[in-house]
Q: 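Following this message is one structure expressed as structure tokens.
In each ligand, atom 1 is the first atom listed, and ligand 1 is the first ligand listed. This structure is a prediction, so every number in the text was calculated from the model and none was measured.
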Amino acid sequence: MADLRIVGRALVGDRLLDEVTVEVDGDLISSVSVGDVGSGPRLLLSRGQLLLPSATDIHVHLRDWEQAYKEDVFTGTSAAVAGGVTTVAEMPNTLPPIKSPSALKERLELLAARAIADYAVHVGALDSVKDAVEALELGACGMKLYPADLERLEDYLRVSRQSGMRLVVHAELRGGDEQEAVRMILSRIAAGDDVRLAHVSMAESLRMVELARGELAARITVEAAPHHMLLSREALDEESKKISAVRPPLASEADRRYIFSGLDGCSVDFIASDHAPHALDEKMSDPPAPGFPGLEVTYPLMLTEWLEGRLGISTLVKKFCRAPAEYLGIRKGEIRKGFYADLVVFDTKTIWRLSAKDFLSKAKYTPFEGRMLSAKVVSVFRRGELVYDGELLVKGGGVHVRELGQKTR
Ligand code: NCD
Ligand code: ZN
Ligand code: ZN
């Protein structure tokens with residue numbers, strides 16, 4: 001007898017099935033069957049509810065340390081689970097930054113004590129192969145380069161090649177030119193490299209990647225953020241200009257459409273929120289701080305795109321759940337026997353108005369304020385444990401993904 005059976009409509013592989021029994025034993029999915037089968041405790045989904053894998057967001061800024069007034073590990077990962085995200089990968093531009101094995105170690109200790117979601121951490125640009133090897137041993141999931149690091153891209157590519165550390169690049173030159181940055185990066189990538197481009201925002205950038213993939217025997221992957229897929233700069237008034245200020249900036253409507261279509265095409269590999277909270281007065285100052293919270297809105301926003309017919313559901317789950325989990329080497333992101341029971345129940349029948357005042361993030365604003373959404377998170381399971389059901393049910397328990405890597409049954 002399983003610990004729990006969840007019975008109802010669910011996405012199994014690429015198929016949406018009306019009645020499925022997902023059995024959960026301990027932290028794993030122990031069986032997936034058609035119909036209402038088995039015995040033992042049962043969670044019966046109501047009409048309009050839908051069971052999906054919870055998401056893995058590989059680009060978040062949880063702040064904390066000297067920027068705990070913007071967000072901390074607890075509030076940021078609480079926001080994650082409230083948004084149906086049970087695994088996050090952090091970016092290293094904290095204060096102080098995560099730019100050494102010792103800073104990484106300290107960060108992992110903080111996360112172990114405070115995180116609600118499971119987690120991974122990117123390190124910042126490291127000059128030495130020795131440090132990169134050490135960071136990998138600690139479990140770093142990649143090395144993140146910022147615009148200021150791009151002048152020394154060759155050095156970091158060398159560190160990456162010699163240590164085996166993957167790169168993630170914020171592709172903008174100092175002046176803010178994404179296309180030039182992407183062109184430069186692609187011209188330096190060699191066979192065998194593994195480079196992920198963060199938050200790509202322009203059609204031309206994505207076209208260059210599409211071409212380069214055909215020519216280079218390298219792994220080049222692309223993240224797209226919901227704001228670059230759903231918003232463009234054209235429709236912004238003065239106040240929303242400040243709230244929606246972000247790096248790279250919102251682009252044109254044609255760019256937006258092209259990036260969005262890269263999901264159902266195959267040029268965009270990952271959906272990632274770039275959750276980048278700031279205090280409200282920092283957003284309202286001149287110039288406004290770039291970035292805004294995204295963890296609580298990404299899954300409901302993108303699922304609404306499916307419900308309204310603009311996106312395939314298996315594409316969404318592939319790019320926000322399965323592919324990022326694979327990138328981190330964990331068996332999550334699919335409702336399948338032997339995978340972790342990281343699951344989310346959505347209500348897909350109630351239309352609701354998005355309001356940032358309800359966020360668990362400290363940053364209570366969003367460029368999507370007031371949007372009508374047709375998908376709402378009802379409950380969230382992290383490795384078989386109910387961690388959210390309209391409110392947060394746990395105080396911690398997030399685990400470093402490295403501890404989850406080997407487990408299969
Ligand atoms: C991010 C931040 O605030 O840390 N801001 C942003 O506009 N995207 C930095 C980043 O992801 O480059
Ligand atoms: Zn960035
Ligand atoms: Zn970022």
Q: Looking at Leu263, is its backbone amide N or carbonyl O close enough to the side chain of Lys319 to form a donor-acceptor pair, meaning the two atoms are under 3.5 Å apart?
A: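 It does hold such a pair.
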Q: For Tyr327 and Glu223, does a side-chain donor sit closer than 3.5 Å to a side-chain acceptor?
A: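 Tyr327 vs Glu223: no donor-acceptor pair found between side chains.
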Q: Please check if any side-chain donor atom of Ser273 sits under 3.5 Å from a side-chain acceptor atom of Thr298, or the reverse.
A: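 The answer is no; no qualifying pair exists.
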Q: Could you label the plane-to-plane angle of the Phe320 and Tyr299 rings as parallel, tilted or perpendicular, counting under 30° as parallel and over 60° as perpendicular?
A: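 Plane angle over 60°, so perpendicular.
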Q: Does any pair with a residue in residues 264-275 pass salt bridge (charged side-chain N to carboxylate O under 4.0 Å, His left out), and if so which ones, sequence neighbours excluded?
A: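 Sorted pair list: Arg213-Asp269.
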Q: Using a 3.5 Å distance criterion without hydrogens, assess whether the side chain of Lys362 forms a donor-acceptor pair with backbone atoms of Ala68.
A: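 Yes, the answer is positive, given that a donor and an acceptor are paired below the 3.5 Å cut-off.
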Q: What distance do Arg382 atom CZ and Leu343 atom CG have between them, rounded to the nearest 0.5 Å?
A: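 Result: 13.0 Å between the selected atoms.
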Q: Holding to side-chain contact (heavy atoms from CB on, under 4.5 Å), I want the full list of residues that pass it with Ser361, two or more places apart in sequence or in another chain.
A: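 So Ser361 forms a side-chain contact (heavy atoms from CB on, under 4.5 Å) with Glu71, Ala79, His275, Pro277, Pro293, Glu296, Phe359, Ala363.
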Q: Show me the short polar-atom pairs for ligand 1: any N or O of it lying under 3.5 Å from a protein N or O, with distances only.
A:
from: ligand 1; atom 1: 3 (O); to: Arg63; atom 2: NH2; distance (Å): 2.8
from: ligand 1; atom 1: 3 (O); to: His278; atom 2: NE2; distance (Å): 3.1
from: ligand 1; atom 1: 3 (O); to: Pro290; atom 2: O; distance (Å): 3.2
from: ligand 1; atom 1: 4 (O); to: His61; atom 2: ND1; distance (Å): 3.3
from: ligand 1; atom 1: 4 (O); to: Arg63; atom 2: NH1; distance (Å): 2.9
from: ligand 1; atom 1: 4 (O); to: Asn93; atom 2: ND2; distance (Å): 2.7
from: ligand 1; atom 1: 5 (N); to: Pro290; atom 2: O; distance (Å): 3.2
from: ligand 1; atom 1: 7 (O); to: Arg247; atom 2: N; distance (Å): 2.8
from: ligand 1; atom 1: 7 (O); to: Pro290; atom 2: O; distance (Å): 3.2
from: ligand 1; atom 1: 7 (O); to: Gly291; atom 2: N; distance (Å): 3.4
from: ligand 1; atom 1: 8 (N); to: Arg247; atom 2: O; distance (Å): 3.0
from: ligand 1; atom 1: 8 (N); to: Asp274; atom 2: OD2; distance (Å): 2.8
from: ligand 1; atom 1: 11 (O); to: His61; atom 2: NE2; distance (Å): 3.1
from: ligand 1; atom 1: 11 (O); to: Asp274; atom 2: OD1; distance (Å): 3.3
from: ligand 1; atom 1: 12 (O); to: His170; atom 2: ND1; distance (Å): 2.7

Q: Could you check, using the six-membered ring where one of them is a Trp, whether Phe292 and His278 have ring centers closer than 6.0 angstrom?
A: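 No.
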Q: Just the protein N/O/S atoms under 2.8 Å from the Zn ion (ligand 2), please, no waters.
A: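 Listed by chain and number, the nearby protein N, O or S atoms are His170 ND1, His199 NE2.
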